[in-house]
Colleague: 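Below: one structure in structure tokens.
This one's a predicted model, so the numbers in the text were calculated from it and none came from an experiment.
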Amino acid sequence: MELKEHIRRVTGRIRNLLASQKLAVLSTHNNGAPYASLVAYAADESLGFLLFATPTTTRKFANLKAEPRVALLVHNSRNEPGDFHEAAAVTITGRAKIVEGEHRAELAHRYLAVHPHLESFVNSETCALFRVDAEVYYLVENFQKVSELHIRP
């Protein structure tokens, strides 16, 4: 398969997977201790970034303030035997930063387009909106076929 076609296929599979799911597992760490959390996310169509929200009182918020490098895992498995051949998962690595100032309203609007039921949560004073600038997408299909899509060096 030609490289351009492969990149287009992988990009399409990643976009479809991200569009079909609403939750991701966010992996953070602090002082050498890993931590995983479930978050509702919204992905940018260009795959350049993802958004998620969290209260400022959470462990994940404290971890993100201490260390912005993260990984997010999105998958479409159904916990059935067929998943070993049919399920797909993507791990996105990147850096998370709090969205503040004039950009918060615009990005909150984009996030709420995916999760309108979270409006009061996102607009509360104790909620932080994070943007994860994606660096690499690792797509796993058929349980062991891995493709990489590098967004940023």
Colleague: Rounded at 0.5 Å granularity, tell me how far NZ in Lys60 sits from CG in Leu38.
Modeller: 8.5 Å
Colleague: Just by distance, no angles: are the side chains of His150 and Glu148 close enough, under 3.5 Å, to form a donor-acceptor pair?
Modeller: yes
Colleague: Leu23, Val25: one ILVMFWY side-chain cluster at the under-4.5 Å cut-off?
Modeller: yes
Colleague: Would you say His85 has more than 12 foreign heavy atoms packed within less than 6.0 Å of its NE2?
Modeller: no
Colleague: Side chains of Arg95 and Val70: closer than 4.5 Å at any heavy-atom pair?
Modeller: no
Colleague: Determine, stepwise, if the pair Val146 / Leu139 fulfils side-chain contact (heavy atoms from CB on, under 4.5 Å).
Modeller: CA-CA 6 Å; Val146 180; Leu139 176 66; over 6 Å; no
Colleague: Can Leu112 be reached from Val39 by stepping across I, L, V, M, F, W or Y side chains whose heavy atoms are under 4.5 Å apart?
Modeller: no
Colleague: Is any side-chain heavy atom of Tyr138 closer than 4.5 Å to one of Ser147?
Modeller: no
Colleague: Indicate, with yes or no, if Ile14 and Leu3 share a hydrophobic cluster defined by side-chain heavy-atom contacts under 4.5 Å among Ile, Leu, Val, Met, Phe, Trp and Tyr.
Modeller: yes
Colleague: Under the salt bridge (charged side-chain N to carboxylate O under 4.0 Å, His left out) criterion, do Arg9 and Glu2 qualify, and how do the steps go?
Modeller: CA-CA 11 Å; Arg9 188 194 73 76; Glu2 185 181 313; over 6 Å; no
Colleague: Between Thr11 and Leu47, does the side-chain contact (heavy atoms from CB on, under 4.5 Å) criterion hold? Intermediate values first, please.
Modeller: CA-CA 8 Å; Thr11 301; Leu47 301 181; 3.8 Å; yes
Colleague: Classify the ring geometry between Tyr111 and His115 as parallel (under 30°), tilted (30 to 60°) or perpendicular (over 60°).
Modeller: tilted
Colleague: How long is the span from the CG atom in Leu149 to the CD atom in Glu135, to the nearest 0.5 Å?
Modeller: 13.0 Å
Colleague: What's the shortest heavy-atom distance between Gly48 and Ile151, and which atoms?
Modeller: CA-CG2, 4.4 Å
Colleague: Give the C-alpha distance, both sets of side-chain angles, the deciding distance and a yes or no for side-chain contact (heavy atoms from CB on, under 4.5 Å) between Glu67 and Thr28.
Modeller: CA-CA 8 Å; Glu67 172 56 67; Thr28 61; over 6 Å; no
Colleague: For Glu119, does the CD atom sit with more than 12 other heavy atoms under 6.0 Å from it, leaving out its own atoms?
Modeller: no
Colleague: How close do Arg110 and Ala42 get, counting heavy atoms only, and between which atoms?
Modeller: O-CB, 4.4 Å
Colleague: Quick one: does any side-chain atom of Asp44 pair with a main-chain N or O of Ser46 as donor and acceptor, under 3.5 Å?
Modeller: yes
Colleague: Which distance, rounded to the nearest 0.5 Å, do you find between the CG of Leu72 and the CG of Leu26?
Modeller: 5.0 Å
Colleague: I need the Thr58 OG1 to Asn63 CG distance, nearest 0.5 Å.
Modeller: 8.5 Å
Colleague: Assess whether atom CZ of Phe84 is packed by more than 12 heavy atoms of other residues, nucleotides or ligands within 6.0 Å.
Modeller: no
Colleague: If you compare all heavy atoms of Gln21 against all heavy atoms of Asn76, which two are closest, and at what distance to 0.1 Å?
Modeller: NE2-CB, 3.6 Å
Colleague: State the OG-CZ distance between Ser20 and Arg15, to the nearest 0.5 angstrom.
Modeller: 14.0 Å
Colleague: Write down the atom of Ala71, the atom of Thr91, and the distance for their closest heavy-atom approach.
Modeller: CB-CG2, 4.2 Å
Colleague: For the rings on Tyr41 and Phe52, is their centre-to-centre separation under 6.0 Å?
Modeller: no
Colleague: Is there a donor-acceptor pair under 3.5 Å between the side chain of Glu80 and the backbone N or O of Gly82?
Modeller: no
Colleague: Are Phe49 and Val132 connected, step by step, through hydrophobic side chains (Ile, Leu, Val, Met, Phe, Trp, Tyr) whose heavy atoms are closer than 4.5 Å?
Modeller: no
Colleague: Return the minimal non-hydrogen interatomic distance between Asn30 and Ala66, and the atom names on each side.
Modeller: OD1-CB, 3.5 Å
Colleague: Step by step, would you call Arg59 with Ser37 a side-chain contact (heavy atoms from CB on, under 4.5 Å)?
Modeller: CA-CA 9 Å; Arg59 182 178 312 220; Ser37 310; over 6 Å; no
Colleague: If every non-hydrogen atom of Phe61 is compared with every non-hydrogen atom of Thr56, which pair is closest and at what distance?
Modeller: CD2-O, 3.2 Å
Colleague: Do you reckon Ile92 sits in the same ILVMFWY cluster as Leu51, going by side-chain contacts under 4.5 Å, direct or chained?
Modeller: no
Colleague: Any side-chain heavy atom of Val90 sitting closer than 4.5 Å to one from Leu18?
Modeller: yes
Colleague: Quick one: does Ile98's side chain get under 4.5 Å of Phe130's, heavy atoms only?
Modeller: yes
Colleague: Could you give the distance from CG (Asn142) to CD (Glu86), rounded to the nearest 0.5 Å?
Modeller: 9.0 Å
